[in-house]
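Data block below; observations after.
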Amino acid sequence: MTGLNKIKSISEAVAIVPDGAHLALSGFTIARNATAGAHELIRQNKKDLTLSQCIGGMDVDLLVGAGLVKRYIYGGGSLDRFGPLLNINRAIEQATIEVDEFSGLSMAMRFMGGSLGLPCIPIQSLLGSDLLESLLKKEKPEVKVTECPFSREKMVLLKTLQPDFAFIHVQKADCEGNAIINGPRWDEDAAKAADKIVIIADEIIPTELTPYLVEEVRIPACRVDIVVHQPYGAHPTSLYGSYDYDYDHLTEYVASARTEQGMDEYLDRYVRETGNFSAYLEKVGGLNKMISLKADPLKKY
Amino acid sequence: MTGLNKIKSISEAVAIVPDGAHLALSGFTIARNATAGAHELIRQNKKDLTLSQCIGGMDVDLLVGAGLVKRYIYGGGSLDRFGPLLNINRAIEQATIEVDEFSGLSMAMRFMGGSLGLPCIPIQSLLGSDLLESLLKKEKPEVKVTECPFSREKMVLLKTLQPDFAFIHVQKADCEGNAIINGPRWDEDAAKAADKIVIIADEIIPTELTPYLVEEVRIPACRVDIVVHQPYGAHPTSLYGSYDYDYDHLTEYVASARTEQGMDEYLDRYVRETGNFSAYLEKVGGLNKMISLKADPLKKY
Amino acid sequence: MSEHNFTMGEIMAAAGSKELLDGQNVVVGIGLPQIAAILAQNTHAPNLCMINEQGVIDPSPVDPAMGMADPRMWYKAKHFNSFIGTLGSILHRGKVDVGFLGALEVDQYGNLNSTLAATSSNSFRHFTGSGGGNDIASLAKNIIIIMRHDKRKLQASVQFNTSPGYIGEGNLRGKVGLKGGGPSRIITDKAVMGFDKKSGRMKLLSIHPGVELDDIIENTGFKLLMGSQVPETRAPTEEELHLLRKVIDPTGIYI
Amino acid sequence: MSEHNFTMGEIMAAAGSKELLDGQNVVVGIGLPQIAAILAQNTHAPNLCMINEQGVIDPSPVDPAMGMADPRMWYKAKHFNSFIGTLGSILHRGKVDVGFLGALEVDQYGNLNSTLAATSSNSFRHFTGSGGGNDIASLAKNIIIIMRHDKRKLQASVQFNTSPGYIGEGNLRGKVGLKGGGPSRIITDKAVMGFDKKSGRMKLLSIHPGVELDDIIENTGFKLLMGSQVPETRAPTEEELHLLRKVIDPTGIYI
């Protein structure tokens, strides 16, 4: 029944994020990154952000490289065979960010618990590892080794995560915010854990169509605060069923990110000096490039 | 890649259930009940079963009416406007079954925790209620009032549930067990909580088709042990997108269930004296009845 | 009541509708709650989102249904999920503004019984139980109770507290750890009631046109708080009556 | 090794394949683990189910990929979900039979480091971290580690225990509360190793054809347990070599 139009521009969406906020981005290595969201956060020069993510993606690597991040809570990550998350690794090595390093499932459980409004949730991995030891040594540990009062099994109680904002790139959404994610959905619980959800959709579908695609809707409008329309907004990462990753650009990114200076030049060239994401898309090859990345309708890449 | 054919008859599937087993059935009041599964459990006269269900359905009401159930763990229920769960209510009133009465969400959380292999999971409803008081008074309570070690909030820690078997009626499945559920999925976590999953599918799809319907697959084959093909197997309850509930038969059921004798006659007539589910379908009206219940492709009922 | 151009069902639907604000997330049951929510959508709250606990979000039903499990209630839904996807990641996450509940019994603190009723000193009848009721009562920001005004249903204390209101004298919700706001309104066929948040006791807010105060006192099993002047409940507008009769419930099945 | 008609990648893939049984649920990564699993599917284990941790179940990839996040790895998957739907309701539920893992470093107890390496007394390099590795090492029934046989990678103790094996002397998994079975095999380009379940220490099981025992001892940073006779690793069969070269990895990108 509802027909609220929640569509805003990416700059309006990012403008609501205060310095110091806790954000979750949708990226997972080189897939479905919230690149358009990350670029705009850099353009608006947000400060002292906390970022959380199951597995690191290029979107957060960009933010760390741009110096926006104070703390990063994640479960490890890379850019797959393109290379490591060079900015994140460098920032950890130089202690320029605070890092909370978990496993993939423990991050997912922290988000899932947060999405359910639970203050804590148990898990039975992490036990016996140095990941756990490091987390227990923190000033305010967000993990606690305990035992189940029923089975007496050992378990780790995890403090759940509720980011202030989630920026989630998806294939399709209607203007109310009903969001379709095709393919794996590593970020669904992080989205639902957040207090405010910003959906960045490659394609906006008419709300009349939503009931016919209902089985693909993963995040309901009633949890979504803002919808942004940004075609190719996950570039240079892939969007399953829509477009492939940009091999050339990812290769260029990793080469640039090897040094701080190279990263700074990359950010100047592709983010700071482009006033908006459309200008970025032009700079990386425009229409011809995007046509070349178009997914095969059967293979989905 | 896999091509394991897990298809068995409903009688073969039910034959693996030992007396005293803990079962979860897919029913929710008058929707998507595991009727064919319940009938066969009655025909094979299983004893001392424990049943668990988020919200009670006609399938468990049948089992309770047939005297198969020793303990029922549930979150309340009815047959919607057709009437109460008369057999279940009577058994509770006469203390012929042991009952653990929760809320809908606390049951869902117990199943979800069980599906994740967690021994316990917190919730913040139930507090301050007589549901909680009754559960705490049990000889071996499966709830415990505690507080979050991080936020110091009060919470109820729930022992999770892992039924031995789940009998889940679905719209479609392939022969490996990839199961499609359309519409709401109140039973998805109960299914995944179970040690062995029996999928009862109204329709078997070729495995080659599964990748094209992947966004609708809710239970992956790698968790499924047996697939049963039973058209109209949820009758007289509805199967979203396939067929409507049978108003006449549900009315007759509720009228029969008002007395123990009436229920016994119902079970004789429709279950015990019909050797199999096909004979039951003939008895309730056969092909003409089933055609009359066929769902409108747009309305889905 | 014959002098009025509306039924008690209609004034209850209108009173329920009035409590809902645009953009809110509302957990509804079948019948009057659903009618009230659809009326609100058709008047002042077009962006109200209806949530059915078993995993159905924002449907647009067009046919009368036999209950929440009737697929007629799921028509044109925009999201399907499970209890976890509704009562978990919306309700328990603190994102449900209003939950509508009914009950066998409600007491002076707004506690709800939907589980059992004694028939003698050592026997009882068992009813529907909680469903999502306990969860909604525990966790929604506001609870609206819609029920028949009957002394047997409005007792000083419930026989079984299925879904807590303010629990006991002095509003004990915080003490037991409940995060939701508790009951805000009780809408009956005679009156609209609220609660004194300090004591947690039920308070008469307005009386439906044509109903006498004595009638309410006589049909309430405990002492209702009330101001010196109790206003009359707002009658449904012509627009509301038109919508209820011609658009929302043309066959008169619910009201 | 030139006298053999197979590469070390091929014998590693064949050795990995041999460890897999029909009908098992296997969590695989890209590269050799995936090749080993596909080889098993094409030979003795047609009903093996491959699970990718980020939410992809039973895909049939046909093109070489840049990693697990490359949609080439998701081709014709039969189920999509999230970490919760793979590492949660399959792995943590106790339903993963085999998890394949790689690492920067493995120690004599099968503990894995994928997090960091010291470069001097007060500096270090940070690597990929856990991903699902810690969860898989903690919870799968069996772990198979595939890696290069190199002294720097096979040390007495890891610099950082990202993903526990048997932790320390005497198999401490039960003591710390880990439910999974721990590492069962380490397959390198020189040998296949297992573990003595009592002490938790690594044990040499077989040496690849053409590799000398001294070569293994020299390239292992701790004392390997071994029997008096260490057999030779089974060479890949003609059928396996045909499948690997013509069907599974025709462009030779992985092996």
Side-chain angles (χ1 to χ4, degrees), chain B residues 28-31 54-57 74-82 84-85 88-90 92-93 101-109 112 123-131 133-134 145 147 153-155 182-189 237-238 240-241 244-245 247 250 295 299-301, chain C residues 30 52-56 62-63 65-72 74-77 80-88 91-92 111 113-116 119 123-139 158-164 167 172-173 175-180:
Chain B
F28 171 92
T29 82
I30 55 166
C54 279
I55 302 290
Y74 82 137
S78 72
L79 297 177
D80 274 5
R81 294 194 165 192
F82 288 98
L85 292 163
I88 292 168
N89 287 343
R90 185 159 51 231
I92 295 172
E93 290 159 10
E101 210 169 333
F102 286 81
S103 66
L105 182 62
S106 53
M107 282 301 295
M109 295 286 247
M112 191 191 68
I123 195 169
Q124 293 179 299
S125 60
L126 295 180
L127 292 160
S129 73
D130 285 341
L131 289 171
E133 288 309 307
S134 305
V145 178
E147 74 177 24
E153 288 170 64
K154 280 215 176 143
M155 57 188 202
N182 293 128
R185 309 182 293 277
W186 51 80
D187 53 337
E188 185 182 323
D189 290 308
T237 70
S238 70
Y240 182 73
D244 205 355
Y245 51 78
Y247 187 97
L250 279 170
K299 286 189 166 177
K300 309 280 187 185
Y301 53 84
Chain C
I30 198 173
N52 302 1
E53 65 185 46
Q54 81 273 25
V56 179
V62 291
D63 293 318
M66 288 298 285
M68 298 305 292
D70 185 335
R72 284 156 188 78
W74 314 345
Y75 182 63
K76 290 213 171 172
F80 288 129
N81 210 308
S82 62
F83 287 97
I84 296 295
T86 54
L87 300 188
L91 176 71
H92 206 307
N111 301 309
N113 173 18
S114 51
T115 303
L116 56 82
T119 48
S123 70
F124 64 93
R125 284 199 63 197
H126 189 269
F127 295 90
T128 303
S130 163
N134 173 277
D135 308 301
I136 296 163
S138 299
L139 296 159
V158 285
Q159 299 177 63
F160 187 97
N161 188 350
T162 311
S163 303
I167 304 172
L172 308 179
R173 289 181 68 87
K175 198 180 153 215
V176 304
L178 289 176
K179 292 161 94 173

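A note on names: the letters A, B, ... follow the listed sequences, proteins ahead of strands, and every chain is numbered from 1.
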For each of B:Ile55, B:Leu127, B:Leu105, tally heavy-atom pairs with chain C at distances under 4.5 Å, and name the one with the top tally. B:Leu105

Report which part of C:Gln54 has an atom under 4.5 Å of a heavy atom belonging to chain B: side chain, backbone, both, or neither. both

For a quick check under 3.5 Å, do C:Thr162 and C:Thr115 share a side-chain donor-acceptor pair by atom type? yes

Residue selection (most heavy-atom pairs with chain C, distance under 4.5 Å) from B:Ser238, B:Gly183, B:Gly76: B:Gly183

Those residues that, when tested against B:Tyr247, pass ring pair (Phe, Tyr, Trp, His ring centres under 6.0 Å) (two or more places apart): B:Phe82

Whatever's closer than 4.5 Å to a heavy atom in chain C on B:Met109 counts as both

Heavy-atom pairs under 4.5 Å with chain C - which of B:Leu126, B:Ile30, B:Leu85 has more of them than the others? B:Leu126

Among C:Asn161, C:Ile167, C:Val176, C:Asn52, which residue forms the greatest number of heavy-atom pairs with chain B at distances under 4.5 Å? C:Asn161

For chain C, find which of B:Gly241, B:Gly75, B:Ser125 contributes the most heavy-atom pairs closer than 4.5 angstrom. B:Ser125

Quick check against the 3.5 Å criterion: does C:Arg72 have a side-chain atom that pairs as donor or acceptor with the backbone of C:Gly67? no

Looking at B:Glu153, B:Lys154, B:Arg185, B:Met112, which has the largest count of heavy-atom pairs under 4.5 Å with chain C? B:Arg185

Report which part of C:Ser138 has an atom under 4.5 Å of a heavy atom belonging to chain B: side chain, backbone, both, or neither. side chain

Are the side chain of C:Arg125 and the backbone N or O of B:Glu93 linked by a donor-acceptor pair below 3.5 Å? no

Which heavy atom of C:Met68 sits nearest to which heavy atom of B:Asp80, and what is that distance? N-OD2, 3.1 Å

Look at C:Gly131, C:Ser82, C:Ser114 and state which one has the largest set of heavy-atom pairs under 4.5 Å with chain B. C:Gly131

C:Val62, part contacting chain B, at a heavy-atom distance under 4.5 Å: side chain

Chain B: which of C:Asp135, C:Asn134, C:Leu87 shares the most heavy-atom pairs with it under 4.5 Å? C:Asp135

What part of B:Gln124 lies closer than 4.5 angstrom to a heavy atom of chain C: side chain, backbone, both or neither? both

Is B:Ile123 in contact with chain C via its backbone, its side chain, both, or neither, using a 4.5 Å heavy-atom distance? both

Counting N and O atoms only, with roles assigned by atom type, does the side chain of C:Arg173 sit under 3.5 Å from a partner on the main chain of C:Pro164, one being a donor and the other an acceptor? yes

Work out which heavy atom in B:Gly56 is nearest to a heavy atom in B:Tyr74; give both atom names and the distance. N-CD1, 3.9 Å

Best-contacting candidate, C:Leu172, C:Leu116, C:Asp70, C:Thr119, against chain B by heavy atom pairs under 4.5 angstrom: C:Asp70

Quick one, B:Glu147 and B:Met155 - any side-chain contact, counting heavy atoms below 4.5 Å? no

Select one option (side chain, backbone, both, neither) describing which atoms of C:Ala65 are under 4.5 Å from chain B's heavy atoms. backbone

Identify which of C:Gly85, C:Ala69, C:Gly129 forms the greatest number of heavy-atom pairs closer than 4.5 Å to chain B. C:Ala69

Suppose we screen for side-chain hydrogen bond (donor to acceptor under 3.5 Å, both in side chains). Which residues come up paired with C:Asn113, at least two apart in sequence or across chains? C:Glu105

Taking the side chain from B:Ser134 and the backbone from B:Asp130, do they hold a donor-acceptor pair closer than 3.5 Å? yes

Looking at C:Pro71, C:Gly177, C:Ala77, which one has more heavy-atom pairs under 4.5 Å with chain B than the rest? C:Pro71

For B:Phe28, is it the side chain, the backbone, both, or neither that has a heavy atom closer than 4.5 Å to a heavy atom of chain C? both

So which of B:Asp244, B:Thr237, B:Thr29, B:Asp187 has the largest heavy-atom pair count under 4.5 angstrom toward chain C? B:Asp244

For C:Tyr75 and C:Asp63, what are the C-alpha separation, side-chain angles and deciding distance, and is it a side-chain hydrogen bond (donor to acceptor under 3.5 Å, both in side chains)? CA-CA 9 Å; C:Tyr75 182 63; C:Asp63 293 318; over 6 Å; no

Got a donor-acceptor contact below 3.5 angstrom from the B:Asn182 side chain to the B:Tyr240 backbone? no

